[in-house]
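In what follows, a structure is listed as structure tokens, so that the remarks can point back to it.
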2 protein chains.
Amino acid sequence: MNEVTVGGMRFALDLSQPLYEQVLKQIRSSIAKGEIALGEKIPSVREMAQALMINPNTVMRAYQELDREQLTGTRRGQGTFITTDADKVKAIRYRLAEEAVDEFFAKLSSLGFTASEIAAILRSRGGAEQ
Amino acid sequence: MNEVTVGGMRFALDLSQPLYEQVLKQIRSSIAKGEIALGEKIPSVREMAQALMINPNTVMRAYQELDREQLTGTRRGQGTFITTDADKVKAIRYRLAEEAVDEFFAKLSSLGFTASEIAAILRSRGGAEQ
DNA sequence: ATAAGTGTATTGAGTGATATAATACACTTA
DNA sequence: TAAGTGTATTATATCACTCAATACACTTAT
């Protein structure tokens with residue numbers, strides 16, 4: 001497990017992926033799910049680093065990517081804040097969903113499954129939430 | 001593009017992923033799709049390496065993983081051969097499909113999509129086959 | 001026996017991504 | 001002025017991946 005809650009967000013880091021990527025995804029997920037309010041301030045780079053027991057540079061890398069995606073905005077000397085633009089959040093959420101769908105179909109196609117076979121596989125598998 | 005055909009299989013390598021992984025996936029894909037016959041010999045480590053212009057060790061790593069999955073069998077001094085067990089191929093094909101489905105649902109769940117929303121997304125997207 | 005073609009193992013080296021540590025600077029607010 | 005922000009830089013370490021070179025074990029054909 002090894003879970004940490006900071007700034008209202010839950011983090012569970014491991015070594016299977018780059019740390020900055022895990023931090024990025026988990027904050028992005030919190031935003032997409034609406035678990036953290038628009039306009040809200042997220043923990044400072046140093047505070048997050050200390051809480052997660054990782055290097056501030058690693059946290060900053062995640063924050064900068066969020067900024068690039070415009071899911072957050074940064075004000076020097078003040079901190080990093082969730083965007084107030086709900087449409088932006090919605091757009092990115094759907095963009096990421098699109099990518100997941102594409103990747104999924106590509107993977108199954110490479111295994112020789114036809115569209116109707118894929119549909120059948122999905123039908124035989126209702127529950128998968130949370 | 002930069003495509004190479006060797007042993008009846010098409011390869012297109014890039015630097016976005018480990019080479020051994022790309023070789024592995026593309027051979028596995030050929031087997032799953034039935035593009036290469038059961039029991040057939042695949043090119044030798046050296047021949048494949050030369051054709052793809054990569055190191056023999058890199059090819060061997062891919063071949064060994066195929067052996068571990070029992071999609072191929074290796075006979076020292078003779079070469080590496082596709083399994084003759086059709087059920088084994090079918091089983092692995094479905095196992096990989098299962099994994100793809102799981103990953104897909106996990107990813108969309110982490111974005112806060114419910115099962116019915118996911119179903120809707122999939123419905124609005126029929127064509128994705130080769 | 002010998003040679004050629006297989007898979008396999010080992011050692012060494014190079015590169016790039018990732019992560020850390022330490023430090024310094026710029027800006028904002030109290 | 002001090003404390004808390006983001007940001008930048010430099011250096012170091014580690015790890016996965018890849019390559020190169022070489023050697024060995026086994027099978028088959030000659």
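Only heavy atoms go into these numbers, but all of them, side chains included; no hydrogens, no water, no symmetry mates. Fair warning: this is a prediction, and the values are worked out from it, not measured in the lab.
- Taking the six-membered ring for Trp and the full ring otherwise, B:F113 and A:Y94 have centroids separated by under 6.0 Å.
- Within residues 55-62 of chain B, the residues that place at least one heavy atom under 4.0 Å from DNA chain C are, in residue-number order, B:N57, B:M60.
- B:Y63 has no side-chain polar atom (N or O) that falls below the 4.0 Å cut-off from OP1 or OP2 of C:dG7.
- With rounding to the nearest 0.5 angstrom, the CG atom of A:L122 is 12.0 Å from the CD atom of A:E117.
- Using modelled atom types, no side-chain atom of B:E3 and backbone atom of B:R10 make a donor-acceptor pair closer than 3.5 Å.
- A salt bridge links A:E21 with A:K25: at least one charged nitrogen is closer than 4.0 Å to a carboxylate oxygen.
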Secondary structure string for DNA chain C (Watson-Crick or G-U under 3.5 angstrom, | for other-strand pairs): ||||||||||||||||||||||||||||||

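- The nearest whole Å value for the distance from the CZ atom in A:F81 to the C1' atom in D:dT5 is 9 Å.
- A heavy atom lying under 4.0 Å from DNA chain C marks the following residues of residues 66-80 of chain A, by number: A:R76, A:G77, A:Q78.
- Considering only side-chain atoms of A:V45, the nucleotide from D:dC17, D:dT7, C:dT6 that sits closest is D:dT7.
- Other residues, nucleotides and ligands contribute more than 12 heavy atoms inside 6.0 Å of the CD atom of B:E35.
- Nucleotide C:dA21 holds its P atom 15 Å from the CZ atom of A:R46, rounded to whole Å.
- Between B:T83 and B:Q70 there is no side-chain heavy-atom pair separated by less than 4.5 Å.
- Heavy-atom nearest nucleotides on DNA chain D were determined for A:K41 and for B:I54, and the one closer to the 5' end corresponds to A:K41.
- Rounded to an integer number of Å, the gap from CE of B:M53 to C1' of D:dT18 is 15 Å.
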